[in-house]
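Have a look at the structure below, then the notes.
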Amino acid sequence: MSLAEWLQFDRRAVQRMQVVHDKYGAGPLLLRVPGRSLALLLDPQHVQLVLQNTPEPFATATKEKLAALAHFEPKDVLISSGRERQVRREYNEKVLEPGRRVHHRASSFVRIVDEEARRIVDEEARRLCSEANERGELNWELFAAAWYRVVRRVIFGSTAIGDEELSSLMARLRRRANFICV
């Protein structure tokens, strides 16, 4: 992500899409890619149409998504179809509560985040007291450590708070899943 940011891939991608739109119009533009054809949507109304009509007739399970998720999340709604997808989608919506302004478990999540934020302040205060009263600031090391404690506590419970090996394993699995060949 740092490399992509440094190289400004997002800015270049937007500029490229603008050039394609100027050259070919609102599209959709049919692209032939080895092994299949893809439609490149260039108009916001076409994007809205696809989003409103997913997964039928527009499938969410691309070859790339299938290759990555089939190993890491084989029962993911994004790579499911038919009745199986419908059941999984209903379950996800029940758990995630998209119709609620605030999730019913938000207070427990906020409590965990608040505890970890206080822990950062306390750790930084102890460090500063042991040094020559330098100006304290939130750095990546402090933030990342707190972030992964929050993730572990929310997902696996507070008993996983110190299991840094678990976070490392999850990161390795996700990196590997992102580079699986299609």
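We count residues from 1, following the sequence as given.
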Tell me whether [X] shares a hydrophobic cluster with [Y], the cluster being built from Ile, Leu, Val, Met, Phe, Trp, Tyr side chains joined at under 4.5 Å.
X	Y	result
Met170	Trp147	yes
Val154	Val110	no
Val19	Tyr24	no
Met17	Leu29	yes
Leu31	Leu42	yes

Sole candidate of Arg12, Arg11, Gln18 that passes side-chain contact (heavy atoms from CB on, under 4.5 Å) when paired with Val14: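 Testing Val14 for a side-chain contact (heavy atoms from CB on, under 4.5 Å) against Arg12, Arg11, Gln18 leaves exactly one candidate, Gln18.
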Considering the options Val47, Asn53, Leu49, which one meets the side-chain contact (heavy atoms from CB on, under 4.5 Å) requirement together with Leu51? Val47
Step by step, would you call Arg111 with Arg153 a side chain to side chain contact (heavy atoms under 4.5 Å, CB included)? CA-CA 11 Å; Arg111 180 184 49 77; Arg153 290 177 68 187; 3.9 Å; yes
Would you call the rings of Phe143 and Trp140 parallel, tilted or perpendicular if under 30° counts as parallel and over 60° as perpendicular? tilted
Between Glu93 and Arg89, is there a salt bridge with N-O shorter than 4.0 Å?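 Yes.
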Mark yes or no for whether Arg149, through its side chain, and Ile161, through its backbone, hold a donor-acceptor pair below 3.5 Å. no
Can you measure from [atom1] ([X]) to [atom2] ([Y]) and round to the nearest 0.5 angstrom?
X	Y	atom1	atom2	answer
Thr159	Arg152	OG1	CZ	11.0 Å
Ser81	Gln86	OG	CD	12.0 Å
Asp76	Asn92	CG	CG	7.5 Å
Arg119	Asp114	CZ	CG	14.0 Å

Please identify each residue that fulfils side-chain contact (heavy atoms from CB on, under 4.5 Å) with Arg32, with sequence neighbours left out.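 Only Leu30, Ser37 meet the side-chain contact (heavy atoms from CB on, under 4.5 Å) criterion with Arg32.
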Shortest non-hydrogen separation from [X] to [Y] and the atoms involved:
X	Y	answer
Leu166	Ala160	CD2-CB, 4.4 Å
Pro28	Leu41	CB-CD2, 3.9 Å
His103	Leu96	CD2-O, 3.4 Å
Ile120	Ala146	CD1-CB, 3.3 Å

Over 12 non-hydrogen atoms of neighbours within 6.0 angstrom of [atom1] in [X]:
X	atom1	value
Glu164	CD	no
Arg16	CZ	no
Tyr91	OH	no
Phe109	CZ	yes

Test side chain to side chain contact (heavy atoms under 4.5 Å, CB included) on Lys75 and Glu84; report intermediate values, then the result. CA-CA 9 Å; Lys75 295 185 178 185; Glu84 189 174 67; over 6 Å; no
Go through it in stages, so that I can follow the logic: the residues are Ile79 and Glu73, the test is side chain to side chain contact (heavy atoms under 4.5 Å, CB included), and I'd like the CA-CA distance, side-chain angles, deciding distance and then a yes or no. CA-CA 9 Å; Ile79 59 172; Glu73 301 175 49; over 6 Å; no
